[in-house]
Protein chains: 2
Amino acid sequence: MLRINRETDYATAILSLMAQEPDECYSAAWLSARRCLPAPVVSKILKQLVRAQLLVSHRGAKGGYSLARPAEEISIAAVINAIEGPIALTDCIEGGNSACQYSAHCAVSSNWSRINDVFQHALEAVSLKDMSEPLAAEHPGLRALGERVRSAVN
Amino acid sequence: MLRINRETDYATAILSLMAQEPDECYSAAWLSARRCLPAPVVSKILKQLVRAQLLVSHRGAKGGYSLARPAEEISIAAVINAIEGPIALTDCIEGGNSACQYSAHCAVSSNWSRINDVFQHALEAVSLKDMSEPLAAEHPGLRALGERVRSAVN
DNA sequence: CTTAAACCGTACCAAATTCGTACGGTTTCA
DNA sequence: TGAAACCGTACGAATTTGGTACGGTTTAAG
Ligand code: FES
Ligand code: FES
């Protein structure tokens with residue numbers, strides 16, 4: 001299915017909400033209520049984002065979380081990294097130099113690795129700000145996409 | 001981690017081997033030995049690929065599997081589809097019109113959906129042939145991907 | 001016509017991962 | 001001093017993944 005995990009999806013949803021008023025300080029409880037997500041889950045996610053330095057936390061009463069940087073400077077790739085670790089389509093990519101036991105018989109890993117790189121760069125190019133802006137439904141760039149891919153190949 | 005599952009990786013490895021002599025008929029046992037993969041697993045994968053009409057099977061003694069189409073006409077997207085079902089980065093994308101319960105409060109799902117489409121098209125642009133050629137020169141379908149994701153989202 | 005090589009299909013199991021919960025602690029403001 | 005908020009670890013149920021088992025069917029060769 002090639003999917004990101006659910007917490008990552010939640011994380012982007014929460015962050016995109018925070019991006020609308022970037023200087024506000026949001027409590028976990030408020031975010032949870034606003035997004036209709038279970039409070040403990042929201043807390044857990046927020047803590048992970050703090051550890052990854054995408055958010056800063058303010059302790060004590062009237063505390064909460066706020067963005068560590070402007071929304072334009074937080075990429076979706078960074079969010080994925082924070083929640084689920086480095087982007088690695090295959091086991092062998094993650095292994096790094098400790099090559100997989102089959103690498104001697106495997107012609108494809110370098111090609112997967114390349115696809116992986118492209119995905120990574122693509123996700124780095126999408127910021128939280130892009131993500132939080134509620135799309136213009138008829139977007140001209142998207143319509144021509146199919147053809148552009150096709151013609152790029154031959 | 002954003003990963004494809006292991007069987008899909010195996011599948012591409014097996015298929016790329018078959019693509020080198022496309023008209024040959026390969027037995028599951030031979031492929032398993034050649035790739036150093038457990039035989040039952042290879043069988044299981046091959047059967048899934050037959051069901052998805054990427055391979056044809058020949059029963060009986062001297063039977064085996066061969067590519068249903070030229071390697072140029074089998075995309076990596078098709079392989080992923082065969083093994084793990086449709087490409088769907090998030091739950092909500094898979095759900096289709098039966099929208100997720102949070103969709104009313106969720107600003108990001110349409111943006112994920114758009115990224116999903118771009119990935120899908122990109123993977124459709126990479127053929128088994130590309131994949132089986134070790135260290136293919138810059139693949140044009142991939143090169144421009146980053147830009148495309150970017151322009152699809154804003 | 002018999003045998004063996006090969007595919008077919010279902011069902012099962014163990015291990016890993018995911019998703020979410022629980023709970024006791026710490027910091028800060030009012 | 002107390003309430004509001006964050007902090008951290010640890011746990012557990014449910015699902016998914018990766019792989020096995022086994023009995024059946026088809027076909028070529030001898
Ligand atoms: S399976 Fe590890 S290198 Fe391809
Ligand atoms: S979480 Fe379902 S629409 Fe975003």
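Below, all heavy atoms of this structure are taken into account, side chains as well, without hydrogens, waters or symmetry copies. Order of the sequence lines sets the chain letters (A, B, ...), proteins ahead of strands, with each chain counted from 1.
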Can B/Asp9 and B/Arg3 be counted as an ion pair, charged N to O under 4.0 angstrom?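 No, no charged N to carboxylate O under 4.0 Å.
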If the condition is side chain to side chain contact (heavy atoms under 4.5 Å, CB included), which residues does A/Pro22 pass it with, not counting sequence neighbours?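 A/Pro22: side chain to side chain contact (heavy atoms under 4.5 Å, CB included) contacts with A/Leu67.
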My understanding is that only residues two or more places apart in sequence, or in another chain, count here; which of them pass side chain to side chain contact (heavy atoms under 4.5 Å, CB included) with A/Lys129?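 Here the qualifying residues are A/Ala71, A/Glu72, A/Ser127, A/Glu133.
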Is the phosphate of C/dG20, meaning OP1 or OP2, less than 4.0 Å from a side-chain N or O of A/Tyr10?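 So the side-chain polar atoms of A/Tyr10 do come within 4.0 Å of the phosphate oxygens OP1 or OP2 of C/dG20, strictly under.
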Are OP1 or OP2 of D/dC6 and a side-chain N or O of A/Tyr26 less than 4.0 angstrom apart?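 Answer is no, no contact under 4.0 Å.
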Checking A/Ser132 side chain against A/Ala19 main chain: does a donor-acceptor pair fall under 3.5 Å?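 Between the backbone of A/Ala19 and the side chain of A/Ser132 there is no qualifying donor-acceptor contact (under 3.5 Å).
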Measure from the side-chain N and O atoms of B/Asn116 to the backbone N and O of B/Leu89, and report whether any donor-acceptor pair falls under 3.5 Å.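 Looks like yes, one N/O pair under 3.5 Å.
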Between [N] ([atom2]) and [X] ([atom1]): distance, integer Å:
X	N	atom1	atom2	result
B/Asp9	D/dG18	CG	C1'	13 Å
B/Glu84	D/dT16	CD	P	14 Å
B/Asn5	D/dT17	CG	C1'	8 Å
B/Lys62	D/dT26	NZ	P	22 Å
B/Arg6	C/dA16	CZ	C1'	11 Å
B/Trp30	C/dA5	CH2	C1'	17 Å
A/Leu37	C/dG20	CG	C1'	12 Å
A/Leu31	D/dA5	CG	P	12 Å

Measure across B/Ala78 and B/Leu54 and return the closest heavy-atom pair with its distance rounded to 0.1 Å.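 Between these two residues, the closest heavy atoms are O-CD1, 3.9 Å.
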Which part of the nucleic acid does A/Ala28 contact within heavy-atom distance under 4.0 Å: base, sugar-phosphate only, or nothing?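 A/Ala28: backbone/sugar contact only, no base atoms under 4.0 Å.
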Return whichever of B/Tyr65 or A/Ala39 has its heavy-atom-nearest nucleotide of DNA chain C closer to the 5' end.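 It is B/Tyr65, whose closest nucleotide lies nearer the 5' terminus.
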Counting only heavy atoms and a strict 4.0 angstrom limit, can you tell me which residues of residues 40-60 of chain B come near DNA chain D?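 Heavy-atom contacts with DNA chain D come from B/Pro40, B/Val41, B/Lys44, B/Arg59, B/Gly60.
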Just wondering, do A/Leu2 and B/Leu123 contact through their side chains at under 4.5 Å, heavy atoms?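 Yes; the side chains approach each other to less than 4.5 Å.
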Counting side-chain heavy atoms from C-beta on, which of C/dC7, C/dC19, D/dA28 comes nearest to B/Ala61?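 When the side chain of B/Ala61 is considered, D/dA28 is the closest of C/dC7, C/dC19, D/dA28.
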